[in-house]
Enquirer: 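Okay, handing you the structure first.
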Amino acid sequence: MTPLDQLRAAIADAAIALGQQATAEEPFVATLERPKRPEFGDYSTNAAMLLAPKLKKPPREIAVALGEQLEQRLGESLKSFEVAGPGFLNIFLADHWHRDTLAYVLDQGEGFGGGSASGAPERILVEFVSANPTGPLTAAGGRHAAYGDALARMLSFAGHDVQREYYINDHGSQIAKLGASIVARSRGEDVPEGGYEGAYVSELALQLVDATDPEPDSDALAEQGVAIIVDGIRETLHGFRVDFDTWFSERSLHQDENGGAISAAYKALEAGGATFASDDATWLRTTAYGDDKDRVLRRSNGEDTYFASDIAYHLDKRARGFQRLIDVWGADHHGYVARMKAAFTALGDDPDALEIVIMQFVNIIEHGERASMSKRRGDFITLSDLISEIGVDAARFLMLQRSHDSTVDLDLDLAREQSSENPVYYVQYAHARIVSVLTKADVARVGEATALLPLPAVALEPAERALIHKLLSFSSEVDDAVTRRAPHRIAAYALELAQEFTAFYRDCQIVGVQPVETESFRLGLAEASRRVIACALGLLAVDAPDVM
RNA sequence: GCCCCCGUAGCUCAGCUGGAUAGAGCGCCGGCCUUCUAAGCCGGAUGUCGCAGGUUCGAAUCCUGCCGGGGGUACCA
């Protein structure tokens, strides 16, 4: 039980003592939050305002009674309480409580903040990036990569069993166009209408096509080209600290040796009675499950749509035993959400097992204008370009700072210019600074100080209390970030924590301070800060350097 | 037309499962290195939280409508 949970429990107990009804199924839940202004206490609760209608008494009167109840329950942890505004109960905690809290954080060790899902862990497959293998990864692909990877790290940290997967769309018209483009370039011709114009296509042509061959095999070239491009993508992602557990080939769904996954999907859909034929095509009646129009599975020319293979693909994911599927899709695919969920229902599966995160776009701004990002025309900023311009840490932090449902404008000129001012360095600097201080104090001394429980009963400075609060909140920040699928909250938290540590560093001498008990306490506080910063950065796969 | 996301400081964006005087980074103005890392710190200026209603003791946050930006709306992927 965290110190915050203990506070919440005390408030709930106090409320029950005042006459609030509560059961295990329907507990009494009040807010417990850090007020914006320090004079409003360490924590504030709206419990009295929630109780007022039931107890039929003024909220402020209830707040006083609640505070008295808390005094009995919290003992020397509570310093004082105040009733404020319409009926807030502001809680001021004693140094005793703050010391116990730091002891709790230190005692939790490296796992502090994680494990919230360990009681009910799920097998989760996170599928992300999955960019068409018709060219190198763009900077936008980098956003998907950073997001999906950070999400996977967070889910693992919470206690889930997570795998990362990349779906390779190595089948269909785009691949055919790639093959045709390679053939055209090998002859020194322009690519056909709608083909791929990037310089890498000419390189592939040079590499793959025998110049003496009058009739190059377009399909074979496409396949070889895809293999090379996928290798490049894998390498780029690895450099970006993103490694997938599986690379799933769409083509494999169309091959019989895979059990004929697509025909199996048709059978499953037909068994549910949700398919029908019309205009020589096969349709899925997705309108029966919330979609706004029915969707084609097999076109009148006999070819399967992407939707059909996607259904087979998701059936395969479920067959592999994943309880939860998280797909990270670009904003241009949001129209597919309803039909994919409808397909789940048509298959008799639970649509809630499929969770689709829609990632908004990345606009690259260069010279004050929005740069084109057309993969087909080949005039895009690649992820590896971005990495070599600003580095992995800055690139990841930049991508992860913003919410996934907010469009990101990435100004390349600014990014280059300000990469040295990227907030990520502020966080990393705080970490390096702590390591430097702890090293100065001596490793053995730090080990001794952090093992000292209970911590020495020293009086605390405001900056120490503030830092302890920030450290403690890591657990709830992680939980929040996990449930909202919002890694950007971790980035924001890391920055805030670094700021709190810096304030502590400014106000409180650590090494050599007298008495020695104070030094011990502060070493413990510094070490806890170091661990949490490293952990938060680790969730984002950003380095926590010892020296800068 | 319908669907999704966004509209908060000069810029880029947090905050949005309701709380008290709305935040960060960058940029701007002025200060700080003989003391644990100045990639730092301190002080200062900057807002009709797109607009209008509604719900509430309380709305940037929830609901409705409107305006503006982006995306989607294929027997493409």
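Below, chain A is the first sequence line, B the second, and so on; all start at residue 1. Quick caveat, the model's predicted, so the values are computed rather than measured.
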Enquirer: Using the C1' atoms only, state how far B:rA45 lies from B:rC6, rounded to an integer number of Å.
Expert: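 My reading of the C1' atoms in B:rC6 and B:rA45 gives 29 Å.
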Enquirer: Look at the rings of A:His469 and A:Tyr43 and say which category their plane angle falls in: under 30° parallel, 30 to 60° tilted, over 60° perpendicular.
Expert: perpendicular
Enquirer: If we take the P atom in both B:rA59 and B:rG1, what is their distance in whole Å?
Expert: 32 Å
Enquirer: Does A:Arg445 come within less than 4.0 Å of A:Glu448, counting only side-chain N to carboxylate O?
Expert: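 Salt bridge between A:Arg445 and A:Glu448, a charged N being under 4.0 Å from a carboxylate O: yes.
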Enquirer: If the C1' atom of B:rG23 is compared with that of B:rU8, how far apart are they to the nearest Å?
Expert: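 10 Å, rounded to whole Å.
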Enquirer: Taking only the side-chain nitrogens and oxygens of A:Arg299, find out if one of them lies under 4.0 Å from OP1 or OP2 of B:rC76.
Expert: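 The answer is yes; a side-chain N or O of A:Arg299 sits under 4.0 Å from OP1 or OP2.
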Enquirer: Using the C1' atom in both, what is the distance from B:rG47 to B:rG53, to the nearest Å?
Expert: 23 Å
Enquirer: Using the C1' atom on both, measure B:rG27 against B:rG65 and round to a whole Å.
Expert: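 Nearest-Å result for B:rG27 against B:rG65 at atom C1': 38 Å.
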Enquirer: Please state whether the phosphate of B:rC16, meaning OP1 or OP2, lies under 4.0 angstrom from any side-chain nitrogen or oxygen of A:Arg489.
Expert: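 Yes, because at least one side-chain N or O of A:Arg489 sits under 4.0 Å from OP1 or OP2 of B:rC16.
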Enquirer: What's the gap between B:rA14 and B:rA22 when it is taken at their C1' atoms, as a whole Å value?
Expert: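 Approximately 11 Å lies between the C1' atom of B:rA14 and that of B:rA22.
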Enquirer: In whole Å, what separates the P atom of B:rG72 from that of B:rA60?
Expert: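 Comparing P positions in B:rG72 and B:rA60 gives a spacing of 34 Å.
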Enquirer: Spell out yes or no: do the side chain of A:His334 and the base of B:rG72 have one donor N/O and one acceptor N/O closer than 3.5 Å?
Expert: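 Side chain to base: no pair present.
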